[in-house]
*Asks:* 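First the structure, then my questions, so here it is.
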Number of protein chains: 2
Amino acid sequence: MALGRFATANRSRTAHEYVLTTLRSAILGGTLKGGTRLVQAELAAELGVSTTPVREALRDLATEGLVVMDPHKGAVVRPLDIAEVREIYELRMTLEPLMVRRMIASVGDAHLAEAEQLQQAMETETDLGAWVDLNRRFHAIFSELEDGSRLAGILAGLRDSAAPYISLSLEARPLQVPEANAEHKQLIALYREGDEAAIIELTLQHLASTLAAIEQAHEAGLIG
Amino acid sequence: MALGRFATANRSRTAHEYVLTTLRSAILGGTLKGGTRLVQAELAAELGVSTTPVREALRDLATEGLVVMDPHKGAVVRPLDIAEVREIYELRMTLEPLMVRRMIASVGDAHLAEAEQLQQAMETETDLGAWVDLNRRFHAIFSELEDGSRLAGILAGLRDSAAPYISLSLEARPLQVPEANAEHKQLIALYREGDEAAIIELTLQHLASTLAAIEQAHEAGLIG
DNA sequence: TATTGATGTTGCATCCTATAAAATGCATGA
DNA sequence: TCATGCATTTTATAGGATGCAACATCAATA
């Protein structure tokens with residue numbers, strides 16, 4: 001099942017946590033596609049732990065919404081359909097503005113400098129997987145400002161659920177990358193100015209264009 | 001710890017599910033108060049299962065946000081503070097209108113008749129615990145119309161998290177009950193008419209007044 | 001203050017049981 | 001005779017119990 005790539009870069013405090021983060025990365029990154037059966041014994045053997053922490057991790061992913069579990073039947077990677085992606089984006093477009101307002105209040109120069117560094121790295125990054133990872137870290141800088149709040153948790157869950165689709169969409173239409181780079185640059189500038197309305201507008205526009213790209217890729221048959 | 005009252009009325013398919021629903025009810029109903037330590041061995045003995053399903057249930061509750069778990073430290077019932085209650089209501093006031101729009105589209109006469117029955121039962125109910133349960137079932141009729149959607153899941157989580165506070169607030173200010181009864185009656189009428197704007201307005205007003213009641217009870221020192 | 005030891009509790013591995021789905025055999029009807 | 005439906009067995013896999021090891025906490029001591 002080729003989880004080794006994820007399994008190595010991971011020094012968790014507990015086996016359960018290790019399995020959880022490994023599986024989550026594999027699902028979000030698209031390595032584990034929707035519909036894949038997740039057999040406890042197989043995963044345990046592959047990751048070098050017993051089935052107990054694997055079961056716990058699968059349950060966590062189930063309540064997070066990334067896998068589906070039925071009693072005595074087992075766990076399956078949740079196969080999102082396009083309707084659910086649309087709902088996720090509807091909710092994000094409703095909630096992200098609230099998040100923006102809070103982040104403006106708590107963002108500092110250090111954060112913006114860090115964001116700028118990542119932004120520049122993304123400009124020159126050619127590997128798509130690496131770019132996606134940088135992108136995640138970029139947005140994490142802002143999200144972590146409000147870490148621990150309900151809103152941040154909900155949005156994180158929504159973003160995670162749509163992440164596999166974004167990866168696929170980027171593969172299908174790589175020209176989205178320069179667009180996103182430009183938007184990130186603009187975003188930093190707007191945060192420097194503290195222009196709330198403009199940030200919200202840019203955010204909504206970014207979400208709308210991402211959803212449009214996913215839908216196009218879906219209609220073209222590039223996404224299940 | 002007196003979980004027996006919940007433990008009996010529960011015929012789950014798995015021990016894990018049984019523990020999960022039992023603990024959740026106890027937390028939502030206020031039997032297990034915020035800050036209470038949840039020791040796996042104790043719970044297992046009390047519920048007549050081993051520690052394995054208990055741990056799984058605790059993890060579920062942790063990702064639901066009802067308990068906090070630290071590695072090797074254990075689980076504690078999450079002590080909500082008033083700030084978090086405010087955030088929950090802010091989010092609900094943002095999201096419930098979306099939910100209303102969907103529910104109007106899918107509600108039928110049978111649902112409204114069922115809601116009316118519950119509404120009438122609540123008019124005459126004197127026991128507070130029983131009233132709270134009827135209230136939950138009343139709102140569940142509407143929520144279940146959209147069951148399975150992301151939005152419904154998020155809202156269910158938010159409502160659950162605030163539930164202990166609502167219980168406490170009702171105990172502190174029982175006059176909220178007739179108010180709520182009147183609002184429920186009005187709600188049914190508005191759904192019959194399909195008046196979207198009015199339903200949303202009433203919903204927001206209901207949320208605002210509930211939050212105000214909780215805050216008053218909090219300021220009066222009746223709520224931790 | 002730092003260190004060490006005792007204690008309680010979690011976390012994990014192993015073994016066993018319960019369950020659901022698949023496979024097999026049998027009977028019945030065309 | 002063959003196909004089809006039903007009952008029964010088999011097998012794969014999830015769920016649960018138990019025992020032990022790892023860890024955090026706190027108290028006692030230097």
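Just the heavy atoms: all of them, side chains too, but no hydrogens, waters or symmetry mates, feed the values below. Chain A is the first sequence line, chain B the second, and so forth, proteins listed ahead of strands; every chain is numbered from 1.
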*Asks:* Could you please name the option among C:dA20, C:dT14, C:dC12 that lies closest to any side-chain atom of A:His72?
*Replies:* C:dA20
*Asks:* So does A:Arg13 get a side-chain nitrogen or oxygen closer than 4.0 Å to the phosphate oxygens (OP1/OP2) of D:dC23?
*Replies:* no
*Asks:* What's the closest nucleotide to the B:Glu56 side chain, out of C:dT14, D:dG16, C:dT9?
*Replies:* D:dG16
*Asks:* Quick check on A:Arg101: does its CZ atom have over 12 non-hydrogen neighbours (other residues, nucleotides or ligands) under 6.0 Å away?
*Replies:* yes
*Asks:* More than 12 non-hydrogen atoms from neighbouring residues, nucleotides or ligands closer than 6.0 Å to CG on B:Asp147, yes or no?
*Replies:* yes
*Asks:* For B:Glu17 and D:dG16, what is the distance between atoms CD and P respectively, to the nearest whole Å?
*Replies:* 10 Å
*Asks:* Can you tell me the distance, in whole Å, between the CZ atom of B:Arg37 and the C1' atom of C:dG8?
*Replies:* 8 Å
*Asks:* Mapping B:Asp70 and A:Pro71 to their closest nucleotides on DNA chain C, which lands nearer the 5' end?
*Replies:* B:Asp70
*Asks:* Between D:dA17 atom P and B:Leu43 atom CG, what is the distance in whole Å?
*Replies:* 14 Å
*Asks:* Once you apply a heavy-atom cut-off of 4.0 Å, does B:Thr52 come out as touching a base, just sugar-phosphate, or nothing?
*Replies:* base
*Asks:* Show your reasoning for whether side-chain contact (heavy atoms from CB on, under 4.5 Å) applies to A:His16 and B:Arg59.
*Replies:* CA-CA 11 Å; A:His16 152 260; B:Arg59 276 199 196 296; 3.5 Å; yes
*Asks:* Test your reading of the model: is there a side-chain donor-acceptor pair from B:Tyr191 to the backbone of B:Gly108, 3.5 Å cut-off?
*Replies:* no
*Asks:* Under 6.0 Å from the CG atom of A:Asp127, do we count more than 12 heavy atoms belonging to anything else shown?
*Replies:* yes
*Asks:* Considering just the side-chain nitrogens and oxygens of B:Lys73, establish if one lies under 4.0 Å of OP1 or OP2 belonging to C:dT9.
*Replies:* no
*Asks:* Any side-chain N or O of A:Arg55 below 4.0 angstrom from OP1/OP2 of D:dG15?
*Replies:* yes
*Asks:* Given D:dT18, D:dC23, C:dA13, which nucleotide is nearest the side-chain atoms of B:Ser50?
*Replies:* D:dT18
*Asks:* What is the separation between atom CZ on B:Arg59 and atom P on D:dG16, rounded to the nearest whole Å?
*Replies:* 16 Å
*Asks:* Nearest whole angstrom, please: distance from the P of D:dA24 to the CD of B:Gln40.
*Replies:* 15 Å
*Asks:* Could you state the CE-C1' distance from B:Met69 to C:dG11, rounded to the nearest angstrom?
*Replies:* 9 Å
*Asks:* Mind calculating the distance between CG (B:Leu38) and P (C:dT10) to the nearest angstrom?
*Replies:* 9 Å
*Asks:* Side chain of A:Val39, heavy atoms from C-beta onward: which of D:dG16, C:dG11, D:dA14 has the nearest atom to it?
*Replies:* D:dA14
*Asks:* Whole angstrom is fine here: how far is it from OH in B:Tyr18 over to P in D:dG15?
*Replies:* 18 Å
*Asks:* Checking contacts here: which listed nucleotide (D:dA17, D:dA24, D:dT18) is nearest the side-chain heavy atoms of B:Pro53?
*Replies:* D:dA17
